[in-house]
Amino acid sequence: MKSSEIREKFLKFFESKGHTIVRSSSLVPGNDPTLLLTNSGMVQFKDVFTGTDSRPYSRATSVQRCVRAGGKHNDLENVGYTARHHTFFEMLGNFSFGDYFKRDAINFAWELLTKVYLLPAEKLTVTVYQEDDEAYDIWANEVGVPKERIIRIGDNKGARYASDNFWQMADTGPCGPCTEIFYDHGADIWGGPPGSPEEDGDRFIEIWNLVFMQFNRDEQGVLHKLPKQSVDTGMGMERLAAVLQHVHSNYEIDLFQALIKAAARETGATDLENKSLRVIADHIRSAAFMIVDGVIPGSEGRAYVLRRIIRRALRHGHKLGQTKPFFYKLVADLAIEMGAAYPELEEAKDNVAKMLKAEEERFGETLETGMKVLEAQLAKDATGIDGATAFTLYETYGFPPDLTADICRERDIKFDQEGYDAALKESQELSRKGGKSVKDAKVEYSGEKNKFVGYDSLNHSSKVIALYSAGSPVQELTAGQSGIVVLDTTPFYAESGGQVGDQGVIAAAAGQFDVSDTLKIQADVFGHHGVLASGALKVGDAVSATVDQAKRGRTIRNHSATHLMHKALREVLGSHVAQKGSLVDPDKARFDFSHNAPMTAEEIAQVEAIVNKEILENHATQSHNMSFDDAVKHGAMALFGEKYGDEVRVMDIGSSKELCGGVHVNRTGDIGLFKIVSEGGVAAGIRRVEAVTGEGALALVQGMARKLNEAAAALKSNPEELTVKIGAVQDQVKSLEKELAALKSKLAAGQGDELAGQAVDIKGIKVLAATLDGADVTALRETMDKLKDKLKTAAIVLASVNDGKVSLIAGVTADTTSKVKAGELVNFVAQQVGGKGGGRPDMAQAGGTDPSGLPGALAGVSEWISSRI
């Protein structure tokens, strides 16, 4: 059974059991700072399980793409060396949100495995938590699994519930027992059943884990039964494919075999069992899908995880003898294998290949140099790499420590991780920067969700349903007290999708609350942050909530313009452009996007022209609520870093169609005017544009016109002729500079003739030390050349002072350099005027910052030379 068929059968089975098929979420977790990358199927449902979000369905099923290559879940070092470790894998899962529980979950799993996938029942063994009698009874008495193949797994970590068969989301919160299903590969494979001393062998392989979210653990460690018990399951598609395709290693399944052959083709390898080919085949999946989901190789966070994966693949290609870029060529093969299941890969494959090729070219020289240095060190000491050397490889040559450790592990030699960490820590402490402050709007709230009416109204009659001061709930706020107000209905937009939260006023009969910001407390609960300006405000008070209309107006003009700008950037620069962040407030629209080169002036002008044309056409904007899949068919773009539910809001603004929950203008003409203020780079492959609209754009243009007029007036010209006038002035300045240089040269030559007569003879050498008033370095050099020609055998020091700084030049004729070195001579003088210098034996120059020492320094030259000869 092919991998594509396994995915399809899984989803169709659970759809037949009343589950909604939910698409795979991005590898970049939406609005979840606790995770670097999506590492399981339940990540996109995390808020549903914790009760802070809801979905229109209570049963779901998905095939989720996952990466475990950084942070807590890091399988990178094992990839390629074991049969089942991967950086990228697909997790088949079914979920119940307070609907069915253990009985249905267990029966569904057994039916799918034995009736649909036709696995022999006698090959399956299950585990349950030692105290979970309910799950044990279902397996034994309802499913009919023999009791000798139902294994109770106890606490093995020194505390109750600390078991491989007891799951928890964190130290507190949802938790519960789990039951796992194992496949027996047969007695010819070494290993024992789970719970036995030989459980780490490869005979019994876990293929499915059913987690029962049964309890809530409080801060004292006490377990309370959840009011809505839920189910979260996960089955590795690759492991299941290995079982169904009758192979033992995941790397032997159809999908991997195709990629391994492609890797062999591009590296020239002939042994398809070579583990380096496994590494490359695994890594092309994770690297490509991370780029598809908006990650760009970099030096921090998930960007570094991506870079690390790419570089590890390149190192294994290098190990196979391939020193030229090859990795990017595998994207096309990956698209053939997985493009049907993930259309976003097929759509982005050209951009993915382009980005991988750029990273390969960037790292190629580093890899070549680093390997040479590493091999040279191992030639000196074959026992391993010490921490200082590993750090030098990284700091000086850019050779990553994980690659060094990987090589040491392959060769079974020592890698001094502690020594490397110590060297890194010392370096970091020398250049440590301050931390970032993070705005945190989280408070404990368990009330009703509020209704947002801000799309249509800026003023609304509401009721206070919760108040907070210093993060804690209160019944009343008094004058001067800062806090957070929660309303049952609000016209205030809460910060989201890069658009800042609204400001305004919440007025009650007895007091007025000034709102300085609006932030989300939960997915559907807005918190109004601010200060009670006067009187008192109590829970239950009737209020009038009024948004600052002027600030909202400026913000929505900038926001709507951002949508048009995104569309225009893709038209001008290419379809690879994708949003990487934004900030929209009353003053500006800031937009970060993927692009590998600075925008030219012509490209910026093109984008401005496209956006302003849409504004002039004054299209009516429209919003539509629809399913995500329908939105994609509608042509809408999803934005980076945003978390979308199954029903989404699509904004049509001119020719732009984007998924967006923000507030916008009614017509494109309301934006008024659009002008780009700046464009620049913020990270590798990321550009940033800042723009203004409406009054802000008008003020910018008027300010530029005022400066233009002032410049024209200063040059006694009109603005239309200013460019010609500036060109003429520049030509005049160049001409005067040439004339000045000629005069300085003539003056220096004249001074040189006069100075030659001041030279003194010391043992047959003409010695001269003098100051040339107003001479620059060029004049000093020209005078020096003339004096050396005139004096024949000489040692000369010339100096000048300009803007409080001393310039020095020393010259020694060729027949004298054996006795006096120009570098030593100029340094003798320089040290007395607050500087130092050096150079060739016949010519050297220096500078200084203390002109007051110059007369004495020059007076001492004759004596200094006399002492040398």
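We use all heavy atoms of the structure for the numbers below, so side chains are in, but hydrogens, waters and symmetry mates are not.
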- Task: Determine the interplanar angle of the H595 and H576 rings, folded into 0 to 90°, and report it as parallel if under 30°, tilted if 30 to 60°, perpendicular if over 60°.
- Result: parallel

- Message: The criterion is side chain to side chain donor-acceptor pair (under 3.5 Å); which residues satisfy it with D416, sequence neighbours excluded?
- Response: none

- More than 12 foreign heavy atoms under 6.0 Å from CD of E418: is that the case here? no

- With respect to N250, which candidate in E238, R278, H86 satisfies the side chain to side chain donor-acceptor pair (under 3.5 Å) definition? H86

- Flag, side chain of K580 to backbone of G294, donor-acceptor distance under 3.5 Å: yes

- Measure from the side-chain N and O atoms of Q245 to the backbone N and O of D254, and report whether any donor-acceptor pair falls under 3.5 Å. yes

- Item | Electrostatic pair D333-K261, nearest N-O below 4.0 angstrom | no

- Task: May I ask you to check whether D421 and Q417 show a side-chain donor-acceptor distance below 3.5 Å?
- Result: yes

- Kindly assign one of parallel, tilted or perpendicular to the pair F10 and F14, based on the angle between their ring planes and the thresholds 30° and 60°. tilted

- Message: Does the plane of the ring in F289 sit parallel, tilted or perpendicular to the ring in Y342? Use 30° and 60° as the thresholds.
- Response: perpendicular

- Query: Judged by atom type as modelled, is there a donor-acceptor pair below 3.5 Å linking the side chain of Q322 to the main-chain atoms of G268?
  - Reply: no

- Message: How about CG on D412, more than 12 heavy atoms from neighbouring residues, nucleotides or ligands closer than 6.0 Å, or not?
- Response: no

- Does R84 reach the main-chain N or O of H248 with its side chain, forming a donor-acceptor pair under 3.5 Å? yes

- Query: When the ring centroid of H318 is compared with that of F363, is the distance short of 6.0 Å?
  - Reply: no

- Task: Decide whether D164 and Y129 meet the rule of one side-chain donor and one side-chain acceptor closer than 3.5 Å.
- Result: no

- Item | Qualifying residue, where the test is salt bridge (charged side-chain N to carboxylate O under 4.0 Å, His left out) with E90 and the options are R239, R65, R7 | R7

- Between T114 (side chain) and W110 (backbone), is there a donor-acceptor pair under 3.5 Å? yes

- Query: Heavy-atom count around E273 CD within 6.0 Å, excluding the residue itself: above 12?
  - Reply: no

- Message: Here's one to test your reading of the geometry: is the NZ or CZ of R23 within 45 degrees of the ring axis of F628 and under 6.0 Å from its centre?
- Response: yes

- Lys/Arg-Asp/Glu bridge criterion (N-O < 4.0 Å) met for K2, E5: no

- Message: Taking the side chain as everything from C-beta on, heavy atoms only, tell me whether I686 gets closer than 4.5 Å to F593.
- Response: no

- Message: Counting only heavy atoms not in K354 (residues, nucleotides, ligands), do more than 12 fall under 6.0 Å from its NZ?
- Response: no

- Any idea how F95 and F45 line up, ring-wise: parallel (<30°), tilted (30 to 60°), or perpendicular (>60°)? tilted

- Donor + acceptor pair across side chains of S25, Q64 (<3.5 Å): yes

